[in-house]
*Asks:* 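Before anything else, here's the structure in question.
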Amino acid sequence: MLCNLLLVDDESEVLEAMCQALRHEGYDIRVAESAAAALAVLDQHPVDIIVSDHNMPERSGAELLSRVRDDYPHIVRIMLSGQDDLQTLMEAVNSGAVDKFLPKPWSNDTLRAMLREAAALASTQDDTRVETSPHATLCHQIFKLPGPTRLIVLEVRNSSVNRLMTLKQQVELMDEVSRRAAAQLGQLLIPVQALEDTVFAFAAEIGPHQAVEELVHVLCQPFDLSGKLTALSLAAGYVDIDEVEDALATEHWLRRALVAVTATAFAGEVTAYSHQVQEDLHDRHTLEQDMRQALVRDEFFLQLQPQVSGKHLTIEGAEVLCRWQHAERGLIAPLRFIDLAERNGFIHELGIWVIRETCRVLETLSRRGFGAIKVAVNISPRQFALTDWLDVVEDLVREGTFDPGVLEFEITESTVMNNPGHARDVLERLKACGLVIAMDDFGTGHSSLALLKELPVDVLKFDRSLVRGIQEDDKSRKLLQRVVEMAHDLGVVSVAEGVETPWEATFCRDLGCQLIQGFAFFRPMDEADFYAVLGQGGDARLPQAAS
């Protein structure tokens with residue numbers, strides 16, 4: 001069997017020497033002078049064996065081979081390294097990133113012998129893979145495709161629905177998915193088949209991206225399975241195949257389609273494979289791993305954005321904001337890591353850390369003589385759906401040295417509307433601790449005013465969308481005025497959020513907004529700066545409004 005070999009070293013002389021030593025061995029050799037170049041080769045060409053130097057700039061050989069282990073587990077991985085890297089080598093071997101070790105400097109006889117052993121191992125792994133892999137049948141079918149083809153992978157995101165089906169219902173589902181797909185896309189070049197119990201794949205002729213979006217919409221409509229209506233929540237990814245050179249290359253096409261569906265953030269969406277998608281997905285996975293270590297490394301910290309009294313122009317409260325100072329990447333954008341934490345479930349652990357830190361801030365304020373300052377903390381929708389965090393809150397309030405009435409929990413109105421019964425139970429439990437409840441993002445159009453009247457809400461925080469445009473648009477001004485009046489009629493505190501300009505600040509104050517939050521007065525600040533501002537009286541000068 002022709003063996004595909006990739007040599008990686010940042011020194012061209014080393015690569016040339018290895019190629020010379022192997023020129024009569026019958027390998028199909030490719031070379032790369034960096035880890036990034038090696039990954040590009042792997043993405044484009046089948047490889048059976050990779051030999052990589054360890055000491056390379058930007059990304060080491062150990063890091064490269066670890067990535068290869070995750071993305072291309074069938075490739076035999078050999079590290080070329082000196083005695084100084086013995087500790088790194090042992091760690092790489094123990095982690096499974098390295099199969100073999102070639103000492104540096106090497107002898108050509110040792111190099112040839114090691115590669116012959118690696119080729120035999122690669123051949124054995126390939127045989128095992130073809131026989132045992134659940135993807136093997138699909139790969140063989142891809143190899144026989146007549147020409148340009150689109151390989152589509154569907155992933156069931158509400159996986160419990162599929163797993164609760166009887167065998168008969170699963171067969172009916174496959175038949176119905178095949179029928180709908182064929183009706184939507186035309187003749188299927190590879191029929192729908194299950195790669196796992198929650199992943200389906202098939203192939204059809206290449207068409208517009210919108211065709212796959214329409215297919216997903218059709219497949220998300222309820223199925224009648226043995227008289228039971230069942231709806232699947234699906235995401236899709238696809239790759240357009242130009243040509244297949246050999247059976248091994250088919251795994252690359254399948255892997256790309258799987259990468260695309262994995263990168264699809266939400267059910268109902270479709271992602272087309274690209275090199276950028278793959279890089280973004282790898283970066284996301286790396287960030288996820290780093291995020292889980294960030295708490296241990298004390299990389300998360302809080303900032304506070306003051307809330308100013310519209311009447312007295314003094315700081316009366318603040319909202320805590322979570323920040324992440326990554327050791328290597330610097331400050332990570334909050335929208336990025338919070339969204340990621342929401343999707344991978346880490347938001348629960350992170351949310352509890354934020355609650356604990358908020359209580360610590362309140363205790364610090366109390367010790368410094370600012371015990372009347374209220375501090376608000378957001379509860380994410382995913383965390384709100386659980387209840388064990390409430391036990392933590394109750395313990396912190398019971399053991400804390402601060403007044404419970406200064407701890408405020410902000411819940412978005414969309415979160416409340418998703419499950420009003422659960423929301424009422426959670427909010428009543430918080431109120432029983434003497435805490436303050438704020439409805440955040442109010443005005444986005446989700447709330448029921450009747451439900452709002454029934455819930456134990458103390459504060460309404462108006463969404464930025466209600467403030468934006470009030471200077472230019474009379475209708476926006478009237479709408480904000482009506483909402484402020486409604487808050488006053490309900491006896492709840494009104495908070496204008498996202499107030500950025502002097503004109504907006506003046507207008508909100510004149511309307512009677514009790515608290516104003518935004519860049520017009522203060523940007524988010526570190527704890528030390530917040531305490532310093534309070535120590536100077538907590539005064540906030542009214543910005544000079546534009547005439």
*Asks:* So do Leu427 and Phe384 actually touch side chain to side chain, heavy atoms under 4.5 Å?
*Replies:*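 They are in side-chain contact.
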*Asks:* Would you confirm whether His348, through its side chain, and Leu386, through its main-chain N or O, come within 3.5 Å as a donor-acceptor pair?
*Replies:*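 Between the backbone of Leu386 and the side chain of His348 there is no qualifying donor-acceptor contact (under 3.5 Å).
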*Asks:* Is any NZ, NE, NH1 or NH2 atom of the basic residue among Glu504 and Arg464 found under 4.0 Å from an Asp or Glu carboxylate oxygen of the other?
*Replies:*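 Looking at Arg464 together with Glu504, the answer is yes, because their closest N to O distance falls below 4.0 Å.
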*Asks:* Can you check side-chain contact (heavy atoms from CB on, under 4.5 Å) on Val270 and Tyr238, steps first, answer last?
*Replies:* CA-CA 8 Å; Val270 178; Tyr238 69 85; 3.7 Å; yes
*Asks:* Can you confirm whether Arg523 is buried at CZ, in the sense that more than 12 heavy atoms of other residues, nucleotides or ligands lie under 6.0 Å from that atom?
*Replies:*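 Atom CZ in Arg523 is not crowded, with 12 or fewer foreign heavy atoms closer than 6.0 Å.
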*Asks:* Taking His252 for its side chain and Leu42 for its backbone only, find out whether a donor-acceptor pair lies under 3.5 Å.
*Replies:*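 Checked: pair present.
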*Asks:* Checking the side chain of Asp403 only, and the main-chain atoms of Gly405 only, is there a donor and an acceptor separated by less than 3.5 Å?
*Replies:*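 Yes; at least one donor-acceptor contact below 3.5 Å.
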*Asks:* Should Tyr531 and Leu365 count as side-chain neighbours, where that means a heavy-atom distance under 4.5 Å?
*Replies:*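 Sidechains of Leu365 and Tyr531: in contact.
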*Asks:* Report yes if some heavy atom in the side chain of Arg255 is under 4.5 Å from a heavy atom in the side chain of Val259; otherwise report no.
*Replies:*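 Heavy-atom side-chain distance check passes, below 4.5 Å.
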*Asks:* Answer yes if the side chains of Gln289 and Gln293 hold a donor-acceptor pair under 3.5 Å, and no otherwise.
*Replies:*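 No, no side-chain donor-acceptor contact under 3.5 Å.
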*Asks:* Find the distance between CG (Asp290) and CD1 (Ile332) and round it off to the nearest 0.5 Å.
*Replies:*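 If I round to the nearest 0.5 Å, the distance is 8.5 Å.
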*Asks:* Would you check if Leu350 and Cys322 make a side-chain contact, meaning some heavy-atom pair closer than 4.5 Å?
*Replies:*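 Yes - at least one pair of side-chain heavy atoms lies under 4.5 Å apart.
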*Asks:* How far apart are the closest heavy atoms of Ala257 and Val153, and which atoms are they?
*Replies:*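 Closest approach of Ala257 to Val153, heavy atoms only: CB-CG2, 3.6 Å.
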*Asks:* Between Glu363 and Arg360, is there a side-chain N and carboxylate O pair less than 4.0 Å apart?
*Replies:*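 A salt bridge is absent here (no side-chain N lies under 4.0 Å from a carboxylate O).
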*Asks:* Looking at Leu335, I'd like to know if its CG atom is crowded, meaning that more than 12 non-hydrogen atoms belonging to other residues, nucleotides or ligands lie closer than 6.0 Å.
*Replies:*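 No.
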*Asks:* Could you check if a side-chain atom of Leu39 sits within less than 4.5 angstrom of a side-chain atom of Arg59, using non-hydrogen atoms only?
*Replies:*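 Yes; the side chains approach each other to less than 4.5 Å.
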*Asks:* From Gln481 CD over to Lys478 NZ, what is the distance, rounded to the nearest 0.5 angstrom?
*Replies:*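 Result: 9.0 Å between the selected atoms.
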*Asks:* Got a donor-acceptor contact below 3.5 angstrom from the Thr358 side chain to the Val354 backbone?
*Replies:*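 Pair found, side chain donor or acceptor close to backbone of Val354.
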*Asks:* Could you tell me whether Glu399 atom CD has more than 12 heavy atoms of other residues or ligands within 6.0 Å of it?
*Replies:*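 Check passes, neighbour count above 12.
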*Asks:* Is it true that Glu342 and Arg382 have a side-chain N and a carboxylate O under 4.0 angstrom from each other?
*Replies:*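 No.
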*Asks:* Does a salt bridge link Asp280 with Arg284, judged by any charged N lying under 4.0 Å from a carboxylate O?
*Replies:*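 Looking at Asp280 and Arg284, the cut-off is not met.
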*Asks:* Check step by step if side-chain contact (heavy atoms from CB on, under 4.5 Å) holds for Leu515 and Val459.
*Replies:* CA-CA 10 Å; Leu515 292 175; Val459 178; 6.0 Å; no
*Asks:* Would you say the side-chain atoms of Gln517 pair up with the backbone N or O of Ala318, donor to acceptor, closer than 3.5 Å?
*Replies:*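 It does not hold such a pair.
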*Asks:* Between Lys374 and Asp458, does any NZ, NE, NH1 or NH2 come within less than 4.0 Å of an OD or OE carboxylate oxygen?
*Replies:*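 Judged by the 4.0 Å cut-off on N to carboxylate O distance, Asp458 and Lys374 do not form a salt bridge.
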*Asks:* I'd like to check Glu500 versus Val467 (side-chain heavy atoms, cut-off strictly below 4.5 Å). Are they in contact?
*Replies:*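 No - every pair of side-chain heavy atoms lies 4.5 Å or more apart.
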*Asks:* Using 30° and 60° as the class boundaries, would you call the ring planes of Phe300 and Trp324 parallel, tilted or perpendicular?
*Replies:*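 Rings of Phe300 and Trp324: tilted, 30 to 60°.
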*Asks:* Kindly say whether Ser34 contributes a backbone atom to a donor-acceptor pair with the side chain of Asp10 at under 3.5 angstrom?
*Replies:*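 No, the answer is negative, given that no donor and acceptor are paired below the 3.5 Å cut-off.
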*Asks:* Does Val499 form a side-chain contact (heavy atoms from CB on, under 4.5 Å) with Phe521? I'd like the steps, not just the answer.
*Replies:* CA-CA 8 Å; Val499 178; Phe521 286 112; 5.7 Å; no
*Asks:* Say you draw a straight line from OG of Ser366 to CG of Leu362; how long is it, rounded to the nearest 0.5 Å?
*Replies:*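 Going from the OG atom of Ser366 to the CG atom of Leu362 covers 8.5 Å.
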*Asks:* Considering all heavy atoms of both residues, which atom of Glu410 and which atom of Ala376 are nearest to each other, and what is their separation?
*Replies:*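 For Glu410 versus Ala376, the nearest heavy atoms are OE2-CB, 3.3 Å.
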*Asks:* For His285, does the NE2 atom have more than 12 heavy-atom neighbours from other residues, nucleotides or ligands under 6.0 Å away?
*Replies:*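 Yes - once you tally the heavy atoms of other residues, nucleotides and ligands closer than 6.0 Å, there are more than 12.
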*Asks:* For side-chain contact (heavy atoms from CB on, under 4.5 Å), just list the numbers for Val493 and Val436, CA-CA rounded to whole Å, side-chain angles, deciding distance to a tenth of an Å, and then say yes or no.
*Replies:* CA-CA 11 Å; Val493 175; Val436 179; over 6 Å; no
*Asks:* So which atom in Leu480 and which in Cys508 form the shortest heavy-atom distance, rounded to 0.1 Å?
*Replies:*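 Between these two residues, the closest heavy atoms are CD2-SG, 4.1 Å.
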*Asks:* Using every non-hydrogen atom in the two residues, find where Ala260 and Val277 come nearest and quote the distance to one decimal.
*Replies:*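 Closest pair (atom of Ala260, atom of Val277, distance): CA-CG1, 4.5 Å.
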*Asks:* Got a second to check how far Met525's CE is from Leu304's CG, nearest 0.5 Å?
*Replies:*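 It comes to 8.5 Å.
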*Asks:* Measure the shortest side-chain to side-chain distance between Met56 and Glu63 over non-hydrogen atoms and say whether it is less than 4.5 angstrom.
*Replies:*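 A side-chain contact under 4.5 Å is absent here.
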*Asks:* State, to 0.1 Å, how close Ala438 and Glu408 come at their nearest heavy-atom pair, and which atoms those are.
*Replies:*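 Nearest heavy atoms, Ala438 then Glu408: CB-OE2, 3.3 Å.
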*Asks:* Can you tell me how far the CD atom of Glu155 sits from the CG atom of Leu195, to the nearest 0.5 Å?
*Replies:*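 Separation between the atoms: 11.0 Å.
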*Asks:* If you take all heavy atoms of Pro404 and Cys433, which pair is closest and at what distance?
*Replies:*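 What the structure gives for the nearest pair is CB-O, 3.4 Å.
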*Asks:* For residues Arg509 and Leu313, determine if any side-chain heavy atom of one lies less than 4.5 Å from a side-chain heavy atom of the other.
*Replies:*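 A side-chain contact exists here, since the closest heavy-atom pair is under 4.5 Å.
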*Asks:* CZ of Arg323 to CG of Asp526: how many Å apart, nearest 0.5 Å?
*Replies:*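 Output value for this atom pair is 9.5 Å.
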*Asks:* Using modelled atom types and a 3.5 Å cut-off, is there a donor and acceptor pairing between side-chain atoms of His326 and backbone atoms of Ala294?
*Replies:*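 Answer holds: no.
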*Asks:* May I ask you to say whether Arg429 pairs ionically with Asp391, meaning some side-chain N is under 4.0 Å from a carboxylate O?
*Replies:*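 The answer is yes: the pair qualifies as a salt bridge.
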*Asks:* Test your reading of the model: is there a side-chain donor-acceptor pair from Thr198 to the backbone of Val156, 3.5 Å cut-off?
*Replies:*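 Checking the backbone N and O of Val156 against the side chain of Thr198, no donor-acceptor pair under 3.5 Å is found.
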*Asks:* Can a donor-acceptor pair be found between the side chains of Arg77 and Tyr72 at a distance below 3.5 Å?
*Replies:*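 Their side chains do not contain a donor-acceptor pair, so the 3.5 Å distance test is not met.
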*Asks:* Among side-chain atoms of Gln303 and Asp529, is any donor-acceptor pair under 3.5 angstrom?
*Replies:*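 No, because no side-chain N or O of Gln303 sits under 3.5 Å from a partner of the opposite role on Asp529.
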